[in-house]
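All values below were derived from every heavy atom in this structure, side-chain atoms included, with hydrogens, water molecules and symmetry-related copies excluded. We count ligands from 1, going down the list as the structure has it; atoms in each ligand are counted the same way.
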Amino acid sequence: MRSEPRVIVVANRLPVTRGRGEDRAWDVSPGGLVTALMPTVRERRGAWVGWPGSAERGIRPFSHEGVSIRPVTLGDAEIRDYYHGFSNRTLWPLYHDAIRTPEFQRHWWRAYLEVNRRFARAAANTARGRDIVWVQDFHLQLVPGMLRELRPDLRIGFFLHIPFPPEELFAWLPWREEILRGLCGADVVGFQTAGDAQNFSRLARRFLDLDGTDTELHVGRRKVRVGAFPISIDFSEFDQIAARPETLARAKEIRKRLGGRKVILCVDRLDYTKGIDLRLATVEQMLDRGELDPARTVLVQVAVPSRETVQEYADLRTTVEQAVGRINGEYSQVGRVAVHYFRRNLSREELVAHYRAADVMMVTPLRDGMNLVAKEFCASRPDLGGVLVLSEFAGASRQLRRALLVNPRDIDGTATTLREALAMRRGDGRQRMAILRMMVRRHDVHVWAHEFLEALA
Ligand code: ADQ
């Protein structure tokens with residue numbers, strides 16, 4: 001009997017980072033993608049091709065917990081142009097509804113081409129005959145096409161973690177055909193939602209003059225499958241942490257320290273796509289109008305620092321911190337702060353304790369591929385407590401239909417929904433949460449990885 005083919009993951013970042021200890025040993029990085037894919041790659045004796053995250057040179061391939069690690073080196077100028085430039089200042093804003101204006105720079109594009117070529121070569125050198133290669137995300141959209149030229153014998157998959165924009169936006173890109181051609185090098189191109197998949201198929205048909213449907217494209221003699229594979233989380237991990245007595249005790253303590261008030265929780269990367277500024281504006285308006293009483297309700301915003309060298313991110317941080325300062329200046333008292341703002345990473349245990357302490361979780365991005373925080377919150381509520389307020393513009397809203405859905409740009413509408421969430425009857429909330437949890441449990445990250453690899457096999 002032949003064994004299952006090996007899986008080679010190709011991603012911008014390696015699944016391991018250098019530890020801070022004296023020996024600088026490699027540790028597995030926290031994060032959903034790594035948790036999802038490491039077991040599969042390990043089981044299939046596979047490999048992971050990626051950038052170690054610094055300009056350090058000369059790192060030799062090595063093996064970590066049964067996974068072969070293949071570092072791709074980037075120089076300082078490449079990190080600036082391919083990563084901070086083309087990935088974070090051209091593609092990221094363009095693919096998120098142009099919430100910030102994308103910048104188009106030819107030298108960024110040249111670096112993107114060069115780095116994608118290096119990843120493709122590294123993947124070609126790593127893969128053996130029947131291996132499956134799974135390329136991840138917007139940093140590496142040219143890799144499937146480049147890899148197919150080098151190794152037409154391989155099965156190649158691609159998954160995009162962020163939204164794929166509609167025609168009116170994607171057409172701005174001076175290199176739109178190259179990107180579409182790069183993606184069409186894959187056998188399966190996966191997206192978070194059916195809408196993203198449809199945007200891609202239509203654009204490929206229009207700009208590359210291909211035949212096909214929304215779910216299948218004809219590229220020469222090959223058929224490319226296009227579809228939605230909504231990513232998820234490790235449900236049981238969150239569920240189990242949430243049920244531990246230590247977690248419950250910590251959640252209780254958090255609530256007590258917040259003065260026994262109703263807790264509105266928000267957890268985001270500090271990114272302009274996440275709608276943090278509009279959310280604070282909504283809460284500020286509610287306080288101004290007396291629709292929220294700071295003696296009875298408190299907002300907790302946990303924000304992880306992100307991409308701080310990019311100007312738009314530095315500006316967002318200033319805007320958010322000014323808003324928090326203004327609200328607290330107006331509405332806090334000694335021993336009773338209206339908005340608690342933490343700019344830091346929480347450990348998994350601490351994060352789950354916060355999820356368990358919340359009465360209302362607000363996840364209100366302006367655009368988001370999926371949004372895992374929404375799913376993590378549901379998985380962390382085995383008590384069926386807590387109400388989820390979720391933006392229609394998060395991919396997660398396609399699955400989590402029993403959340404209270406909002407348009408975050410509609411401040412009045414969001415305020416009304418937040419009031420409804422705070423006043424929701426226990427039975428109603430529990431019923432909604434039970435359905436949300438069932439959804440996340442049935443479609444966890446292991447199902448996601450399995451379904452994609454099945455489609456590719
Ligand atoms: P992100 O934009 O990073 O991911 P998201 O899906 O919400 O967004 O994932 C954020 C992760 O960071 C979550 O696992 C969350 O727990 C963690 N996190 C956030 N704040 C934290 C804090 N203060 N402390 C500790 N952990 C924190 C991109 C896309 C998303 C898509 C994912 C996966 O933008 O749309 O869902 O990839 O495909």
Side-chain angles (χ1 to χ4, degrees), residues 9 11-13 29-37 87-88 91-97 99 134-140 158-165 190-193 195-196 228-235 237-238 241-242 254 265-276 300-307 310 313 316-317 320 340-358 361-380 388 390-400 440 443-445 448-449 452:
V9 171
N12 178 51
R13 290 296 295 271
S29 333
L33 187 69
V34 174
T35 316
L37 295 181
S87 297
N88 289 341
L91 294 173
W92 180 268
L94 182 70
Y95 282 30
H96 287 89
D97 289 355
I99 295 168
W134 191 1
V135 183
Q136 307 287 327
D137 225 0
F138 63 105
H139 315 92
L140 302 176
F158 178 88
F159 182 76
L160 185 70
H161 291 258
I162 67 175
F164 198 83
F191 297 90
Q192 300 278 26
T193 69
D196 297 320
F229 298 85
I231 200 169
S232 192
I233 57 157
D234 188 341
F235 179 91
E237 187 198 350
F238 283 87
I241 296 177
I254 292 170
L265 177 66
C266 316
V267 175
D268 314 85
R269 213 157 39 68
L270 199 43
D271 193 298
Y272 54 77
T273 59
K274 303 290 182 187
I276 305 170
V300 178
Q301 170 71 61
V302 189
V304 206
S306 179
R307 304 179 192 170
V310 177
Y313 288 76
L316 172 76
R317 179 177 167 191
V320 165
H340 285 257
Y341 168 69
F342 305 109
R343 193 179 136 275
R344 72 195 64 152
N345 240 300
L346 303 182
S347 69
R348 186 52 57 90
E349 287 71 20
E350 190 65 2
L351 182 67
V352 175
H354 278 76
Y355 287 145
R356 271 220 77 161
M361 179 87 212
M362 283 192 91
V363 179
T364 56
L366 303 176
R367 176 62 72 192
D368 214 330
M370 177 56 56
N371 195 295
L372 297 179
V373 168
K375 293 186 172 183
E376 291 168 3
F377 174 64
C378 301
S380 304
L388 176 62
L390 177 61
S391 164
E392 292 167 22
F393 302 100
S397 70
R398 309 285 120 193
Q399 295 178 297
L400 304 179
V440 183
H443 302 271
D444 73 356
V445 75
W448 170 77
F452 191 94

To check you understand the geometry: which heavy-atom pair defines the closest contact between [X] and [Y], and what is its length?
X      : Y      : answer
Asn371 : Ala396 : O-CB, 3.9 Å
Trp134 : Ala449 : CH2-CA, 4.1 Å
His354 : Leu265 : O-CD2, 3.4 Å

Decide whether an N or O pair under 3.5 Å exists between [X] and ligand 1.
X      : value
Leu351 : no
Leu346 : yes
Gly369 : yes
Leu372 : yes

Under 4.0 Å to a heavy atom of [X] - the qualifying atoms of ligand 1, by number:
X      : answer
Val373 : 7 (O), 15 (C)
Val302 : 23 (N)
His161 : 29 (C), 31 (C), 33 (C), 35 (O), 37 (O), 38 (O)
Ile231 : 33 (C), 38 (O)
Lys274 : 1 (P), 2 (O), 7 (O), 8 (O)
Arg269 : 1 (P), 2 (O), 3 (O)
Val267 : 19 (C), 20 (N), 21 (C)

(message) Checking contacts here: is it the side chain or the backbone of Gln192 that comes within 4.0 Å of ligand 1, counting heavy atoms only? Could be both or neither.
(response) side chain
(request) For ligand 1, indicate whether the residue Trp92 contacts it via side chain, backbone, both or neither (heavy-atom separation under 4.0 Å). (result) side chain
(request) Would you give the length of the straight line joining atom CZ of Arg356 to atom CD1 of Ile241, rounded to the nearest 0.5 angstrom? (result) 12.5 Å
(request) First locate atom CZ of Phe191, then atom CZ of Phe159, and finally report the distance between them rounded to the nearest 0.5 Å. (result) 9.0 Å
(request) From the options Thr364, Asp268, Asp368, select the one residue that forms a side-chain hydrogen bond (donor to acceptor under 3.5 Å, both in side chains) with Lys274. (result) Asp368
(message) Any heavy atom of Glu350 closer to ligand 1 than 4.0 angstrom?
(response) no
(message) Val302 and side chain to side chain contact (heavy atoms under 4.5 Å, CB included): which single residue from Val373, Leu351, Val267 fits?
(response) Val267
(request) With atom 21 (C) of ligand 1 as the reference point, say which of Asn345, Asn371, Val363, Val304 has the nearest heavy atom. (result) Val304
(message) Which label fits Phe377 and Tyr355: parallel for a plane angle under 30°, tilted from 30 to 60°, or perpendicular past 60°?
(response) perpendicular
(request) Tell me whether the centres of the aromatic rings in Tyr95 and Phe164 are closer together than 6.0 Å. (result) yes
(message) Against Arg367, only a single residue in Asp97, Asp271, Asp196 fulfils salt bridge (charged side-chain N to carboxylate O under 4.0 Å, His left out); can you say which?
(response) Asp97
